[in-house]
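As structure tokens, the structure follows; a few thoughts come after it.
Residue numbers start from 1 in every chain, and the chains themselves are labelled A, B, ... in the order their sequence lines are given, proteins ahead of strands.
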Amino acid sequence: MEKYNHKKIEKKWQEKWEKDEPYKAEDFSKKEKSYLLVEFPYPSGDGLHVGHPRPYIGMDVIARKRRAEGKNVLFPIGWDAFGLPTENYALKTGIHPREVTKQNTDNFRRQIKMLGISFDWSREINTTDPKYYKWTQWIFLQMFKKGLAYKASVAINWCLSCKIGLANEEVVDGHCERCGGETEKRQKEQWMLAITKYADRLDKDLDDVDYLEPIKIQQRNWIGKSEGAEISFDIKGRDEKIDVFTTRPDTIFGATYMVLAPEHQLVQKLKEQITNFDEVEKYIKDTKKKTEIERTAEGKEKTGVELKGVKVINPANKEEIPVFIADYVMVEYGTGAIMAVPAYDERDNDFANKFNLLIVESNLVDKDEVIKKVNGKKVVKYKLRDWVFSRQRYWGEPIPIIHCQKCGSVAVPEEDLPIELPEIEDYKPTDSGESPLVKATDWVNVKCPSCSGEAKRETDVMPNWAGSSWYYLRYADSDNDEAFADEKNLKYWTPVDWYNGGMEHTTLHLLYSRFWHKFLYDIKVVPTHEPYQKRTSHGLILAEGGEKMSKSKGNVVNPDEVVENFGADSLRLYEMFMGPFDQAIAWSTDNIVGVRRFIEKVWRINEKVKDIKSNIALDSTIKKVGEDIETMKFNTAISTLMILVNEMEKKEEIAKEDYASLLVLLAPFAPHTAEELWEKLGGKDSVLSQKWPEYDEIKTIEETAQIAIQIDGKVRGSIEVSVDETEEKVKEKALRDENVKKWTEGKNVEKVIYIKGKIVSIVTS
RNA sequence: GCCGGAGUGGUGGAAUUGGUAUACACGUACGAUUCAAAAUCGUAUGCCGCAAGGCUUGUGGGUUCAAGUCCCACCUCCGGCACCA
């Protein structure tokens with residue numbers, strides 16, 4: 001038989017799959033549907049690195065198993081292509097982002113196809129395609145109409161020398177990543193989405209879905225529901241009050257000072273009264289330069305300034321207490337003000353120690369009573385904040401709003417969608433901080449849809465997260481021009497049965513898309529209240545040294561080379577075998593030879609296949625491989641197959657039916673090799689259309705077991721017993737064992753414990 | 001700092017979820033095959049020790065007949081922290 005030639009085999013089958021399209025999902029098939037989803041990639045200019053395909057291969061294994069189980073599988077792919085890197089590349093080179101995106105997606109598509117992933121390419125989508133973003137804009141309009149999209153003043157990063165707004169990622173240690181100049185926070189009007197209106201449901205409905213527990217916990221902590229009270233403190237000698245939010249109203253007698261966020265409005269209002277306003281102002285200015293992480297990351301060292309001349313009155317005991325501003329209080333959370341109880345709160349305690357403030361151990365009082373007594377009210381607060389939805393950029397979906405002097409912000413009529421991005425020469429944001437789109441005056445100046453007067457288009461665009469918040473719905477009906485997807489298609493395909501993605505997307509993308517989905521459910525355009533039934537995650541693949549792969553470090557491993565040298569099936573098997581799927585792991589090109597040798601072994605065993613009766617018991621293997629795939633323990637599924645293949649190798653002859661079962665089990669991991677060997681075996685159709693093998697549970701149960709014998713916690717011997725032997729007989733046998741006798745000689749056997757089928761534990765004294 | 005996760009041989013990792021730690025694979029050594037090499041096959045391979053035996057799952061404590069697994073404290077690394085995707 002000829003040698004295993006991965007190039008020849010992989011080319012042959014990929015051409016056939018391209019022609020026959022065996023992975024096309026069928027709308028409304030009578031078969032049970034299974035919708036499997038991976039996060040669609042951002043097509044960067046660097047091309048695919050070996051980390052990208054790990055989740056694709058993992059879900060591909062599951063998709064292929066599902067098909068073998070007779071399901072109608074939808075396993076789609078597309079491109080999440082709006083965003084900063086492409087725009088920055090365009091800024092540097094002058095090449096239009098559309099052109100850059102096309103080159104990058106062409107390259108990504110070629111690379112993914114080279115790996116034999118069973119995506120349904122007929123449903124490929126691209127968030128930058130006007131036919132797609134028409135519907136992203138449409139969804140935004142529905143939110144606008146329901147009052148969920150609104151404008152507010154928000155702090156953004158501002159580079160003082162480039163005079164442009166910066167993404168958080170572009171700010172390094174308070175300096176601009178491009179020019180190194182200083183940055184600061186600057187207030188700017190931005191479009192916001194009121195995700196906080198959904199906070200309670202986003203929290204509660206986690207009960208209804210099957211997400212990995214850490215994912216649920218992280219989302220819950222991010223939403224940060226807390227029940228507490230709002231209590232007003234009178235400002236001494238003024239009519240105003242300051243509202244604080246506290247989860248511990250019962251500690252109010254220990255409240256010895258108050259802290260406001262430096263940005264709190266009242267600080268400016270009290271300017272006249274504050275005797276050290278210069279100092280206060282300087283502190284506020286310094287705070288502007290800090291990121292939120294820096295503000296909370298300073299460890300024990302707390303900073304702040306007292307508002308001298310201002311006192312407030314603790315409503316519980318009528319004591320006058322001082323007021324500070326400090327950056328450990330955030331203006332966005334609660335009311336932006338706290339009553340500080342140093343006896344009960346660690347941060348307040350640190351602060352009180354540093355500023356020599358009173359620490360009073362107070363008697364705790366009944367929560368409800370004290371709230372009543374001080375005229376407070378019970379409230380529920382969330383850490384979750386509304387979503388800043390504007391970007392002053394070019395490469396994003398235009399926000400479909402028109403600003404009219406008379407009518408204010410007016411929705412673009414739906415029949416005018418999509419509002420396409422205009423052509424412009426210069427992608428640089430303007431000095432005033434506005435989007436480069438303001439320069440496209442022909443596009444900007446329009447008639448107001450409502451009064452036909454002079455008006456201007458909104459020039460901010462949407463963030464990258466917009467298109468990815470609903471893309472899984474589009475796959476159900478990717479060519480529809482009448483709706484984002486037809487109701488019938490949505491009813492058939494959604495929800496997504498299994499969504500795998502990176503842990504790093506847990507609190508943003510995953511939460512954002514749940515929010516959009518719930519909104520769409522509320523306006524009755526999707527049939528389910530949650531988008532994803534199940535969510536799992538994969539770990540990153542790191543470079544050989546354990547560092548993150550990045551172009552700048554020059555440690556990126558390109559799958560093109562790996563496929564050239566070892567083949568797609570070896571790459572696939574290696575990525576599944578290298579370690580636990582959900583953990584980060586370092587790449588090692590040296591270790592690929594192991595799985596390559598395994599494939600070649602399977603290839604060689606083909607020669608020993610005879611028309612004989614089955615001579616290997618496969619039940620345990622089938623059970624283990626199947627269960628491991630379902631729990632994404634792909635590494636142990638493969639080692640189980642390796643054990644089987646090692647056993648087959650030792651035999652003179654292999655039964656055709658046993659080998660056929662092996663090929664069906666192997667096919668999800670190494671589809672090209674499995675197809676080729678299936679064909680050589682003279683198997684019917686394709687290995688892909690074979691039924692997943694069944695097993696007999698009874699045959700997976702061992703009849704005898706090796707029982708370890710522990711004496712005083714140390715293993716001193718082992719005996720073989722039948723699994724249904726009585727406890728008494730096993731204990732007797734254990735005590736008669738020669739090794740046991742040696743170790744118990746001259747000692748008192750105090751206790752003998754038998755754990756069925758596992759261990760005998762003898763305790764002596 | 002806060003939230004989530006991880007730490008096991010020379011290396012990647014396995015461990016029925018409290019029951020014989022180191023499966024599977026890489027590497028290494030020796031042997032077979034070969035004119036030779038590659039490939040392949042076989043044997044060995046946690047550490048200390050001639051052996052008997054002892055020790056070993058990031059560190060230190062604890063619970064238990066029994067701890068990689070549970071509890072407490074700590075150290076290190078990874079992901080997220082709201083404008084990267």
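- The listed nucleotides are B:C84, B:C24, B:C83; the one nearest the side chain of A:Ile156 is B:C83.
- Counting to the nearest Å, the P atom of B:C2 and the CG atom of A:Asp350 are 11 Å from each other.
- Using a 4.0 Å heavy-atom distance criterion, A:Glu170 is classed as making no nucleic acid contact.
- Crowding of A:Arg716 atom CZ: a count of heavy atoms from other residues, nucleotides or ligands under 6.0 Å exceeding 12.
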As a quick check of understanding, evaluate side chain to side chain donor-acceptor pair (under 3.5 Å) for A:Thr536 and A:Asn500, giving each step before the final call.
CA-CA 5 Å; A:Thr536 54; A:Asn500 184 81; 2.7 Å; yes

If the sugar-phosphate is the primed atoms plus P, OP1 and OP2 and the base is the rest, what is the B/S/- string for nucleotides 68-74 of chain B, using protein heavy atoms under 4.0 Å?
-------

Under-3.5 Å N/O pairs linking protein and nucleotides 50-61 of chain B:
residue	atom	partner	partner atom	Å
B:G53	OP1	A:Lys742	NZ	3.4
B:G54	OP1	A:Arg716	NH2	3.2
B:G54	OP2	A:Arg716	NH1	3.2
B:C55	OP2	A:Lys714	NZ	3.2

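- The local environment of NZ in A:Lys651 is crowded, with over 12 non-hydrogen atoms from other residues, nucleotides or ligands closer than 6.0 Å.
- Between the side chains of A:Lys601 and A:Asn646, at least one donor N or O lies within less than 3.5 Å of an accepting N or O.
- With C1' as the reference atom, B:U57 and B:U69 are 10 Å apart, rounded to whole Å.
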Quick one, give me the B/S/- string for nucleotides 5-22 of chain B, reading 5' to 3', where B means a protein heavy atom under 4.0 Å from the base and S means that only happens at the primed atoms, P, OP1 or OP2.
SS-----BSS----BBS-

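- Sequence order on RNA chain B of the closest nucleotides to A:Ile762 and A:Ala167 puts A:Ile762 first from the 5' end.
- Separation of the P atoms belonging to B:A51 and B:C41 is 31 Å when rounded to the nearest angstrom.
- Here the straight-line distance linking atom CG of A:Leu91 with atom OG1 of A:Thr86 works out to 11.5 Å at 0.5 Å rounding.
- By the side chain to side chain donor-acceptor pair (under 3.5 Å) test, A:Arg385 is found to be paired with A:Glu292, residues two or more places apart in sequence or in another chain being considered.
- Close placement of the A:Phe82 and A:Tyr133 rings is indicated, their centers lying within 6.0 Å of each other.
- More than 12 heavy atoms of other shown residues, nucleotides or ligands fall within 6.0 angstrom of atom OH in A:Tyr198.
- Every residue was checked against the side chain to side chain donor-acceptor pair (under 3.5 Å) condition with A:Asn606, not counting sequence neighbours, and none meets it.
- With hydrogens and angles ignored, the 3.5 Å screen pairs no side-chain donor or acceptor of A:Asp619 with any backbone N or O of A:Glu697.
- Under the side-chain contact (heavy atoms from CB on, under 4.5 Å) criterion, A:Glu652 pairs with no residue at all, not counting sequence neighbours.
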Every protein N/O within reach of nucleotides 39-46 of chain B N/O, cut-off under 3.5 Å:
residue	atom	partner	partner atom	Å
B:C41	OP1	A:Glu649	OE2	3.3

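- Contacts of A:Lys197 classified as side-chain contact (heavy atoms from CB on, under 4.5 Å), with partners at least two apart in sequence or in another chain: A:Leu148, A:Ala194.
- For A:Trp587, the ring pair (Phe, Tyr, Trp, His ring centres under 6.0 Å) test picks out A:Tyr574, with sequence neighbours left out.
- Closest contact between the side chain of A:Asn221 and the listed nucleotides B:C65, B:C3, B:C26 involves B:C3.
- The pair A:Arg393-A:Glu170 meets the salt-bridge criterion, with a side-chain N (NZ, NE, NH1 or NH2) lying under 4.0 Å from an Asp/Glu carboxylate O.
- In this structure, A:Phe82 atom CZ and B:C84 atom P are separated by 17 Å, rounded to whole Å.
- Residue-environment remark: CD (A:Glu720) exceeds the threshold of 12 foreign heavy atoms within 6.0 Å.
- B:U17 shows a glycosidic angle within 90° of 0 and is accordingly assigned syn.
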What nitrogen or oxygen pairs link the protein and nucleotides 80-82 of chain B at under 3.5 Å?
residue	atom	partner	partner atom	Å
B:G80	O2'	A:Thr507	OG1	3.3
B:A82	O5'	A:Asn168	ND2	3.2
B:A82	N6	A:Lys383	O	2.9
B:A82	N1	A:Arg385	N	3.0

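- Other residues, nucleotides and ligands contribute only 12 or fewer heavy atoms inside 6.0 Å of the CD atom of A:Glu703.
- B:G9 takes the syn form, because its glycosidic angle lies no more than 90° either side of 0.
- Considering only residues two or more places apart in sequence or on other chains, A:Glu727 meets the side chain to side chain donor-acceptor pair (under 3.5 Å) condition with A:Lys731.
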Would you sketch RNA chain B in dot-bracket for me? Only Watson-Crick or G-U wobble pairs with both distances under 3.5 Å count, crossing pairs as [ ], other-strand pairs as |, the rest as dots.
(((((((..(((......[....)))((((((.......))))))(((....)))..(((((..]....))))))))))))....

